[in-house]
Amino acid sequence: MEFRTLGSLSVSSLGLGCMGMSEFYGTGDDSESIATIHAFLDAGGTLLDTADMYGPFTNELLVGRAIAGRRSDVVLATKFGNERREDGSWVGINGRPGYVRSACDASLQRLGVDHIDLYYQHRVDKTVPIEDTVGAMAELVEAGKVRHLGLSEASAETIRRAHAVHPITALQTEYSLWEREPETKVFPVLAELGIGFVPYSPLGRGFLTGQLRSPDDFAADDFRRHSPRFQGENFTRNLELVDRVKELADEKQCSPAQLALAWLLAQGEHIVPIPGTKKRERLAENLGAATVELSAEDLARLDELAPAGAAAGARYPHMTSIDT
């Protein structure tokens, strides 16, 4: 496994998103999920990504069990800010300083660790100045509970304001062959400030794998049933994009997922995708992306096949939580 640097934090070039092991993508199997995490670490992977809201709370507990006895092998990232109750109901986005501190303590306890390597604000609370939120996060660094700070789905202006309070190590935002919006406004700021970039949903929530051919492929409790990009005419139009990518993948003798991840890795040394999976078979496929070599011609062709704005439909049913 090769390594890259997010800000000043060294991590494996591919991380592992753990969200789907506990929620959103149908029923999971804890034993297989833990085996998948162990296989990732055995392969030399280091960056594990979770959040308190996944489950809610159960994903951190799962990750904590998986890394017990292997803490030194892991760069552990988790998030706060999307506040939920034990029954799964939503409270809202919370960036108040007091909540930042209590959320961190709760995550540390669930994960069974004494520090978090990369602590993200999951969504920007537009009712609280970012300076106040990041100020509280900086106090966690001073207390030794957190090593590095991150933001998720933050705008260029918010990133600048946050970085002025305390260095931001990484920004986590959706980015893939079918979601390229960060390139225009956010990427220049990251380059200027030396901030790493962690694309979540790098496989388009599984769509870019080419395995999904109908909305009926989703389990009843799969949240993608309610996503605009996976409904009606949008689904059909997006399949056309996926099929174009698959044609090039077939030529390169790799899977569409491997091609999509290889494209991300080729976008810059500061980029570390975190494809999520709950099965060892898919993990092995994703890690194989590191061996896919893309020429300048390949990259130009992908730009033509999947240009910015090519995907049909909004990313979420409601985009009001996204900081723009």
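The first residue in the sequence is number 1, and the count goes up from there. In this text the structure is predicted, and so the values were computed from the model without any measurement.
Geometrically, R205 engages Y316 in a cation-pi contact, judged by NZ or CZ lying under 6.0 Å from the ring centre and within 45° of the ring axis. Stacking of R229 on the aromatic ring of W178 is recorded, both the 6.0 Å distance cut-off and the 45° axial limit being met.
Under the 4.5 Å side-chain criterion, counting only non-hydrogen atoms from C-beta, R282 is not in contact with T36.
A ring-centre distance under 6.0 Å is not found for H148 and Y120.
Using a 3.5 Å distance cut-off with no hydrogens or angles, the side chains of E181 and Y175 do not pair a donor with an acceptor. Looking at Y119 and K145, their side chains never bring a donor and an acceptor atom within 3.5 Å of each other. Looking at D298 and S295, their side chains do bring a donor and an acceptor atom within 3.5 Å of each other. Between D323 and T158, the side chains place a donor N or O and an acceptor N or O closer than 3.5 Å (distance only, hydrogens not considered). With 3.5 Å as the limit, one finds no donor-acceptor pair spanning the side chains of D217 and Q211. A donor-acceptor contact closer than 3.5 angstrom links the side chains of E60 and T78.
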Test E251 against R301 for side-chain contact (heavy atoms from CB on, under 4.5 Å), laying out the working first.
-> CA-CA 12 Å; E251 294 178 21; R301 185 171 168 188; 2.8 Å; yes
Verdict with supporting geometry, R180 and E174, side-chain contact (heavy atoms from CB on, under 4.5 Å) | CA-CA 8 Å; R180 300 182 59 175; E174 184 172 355; over 6 Å; no
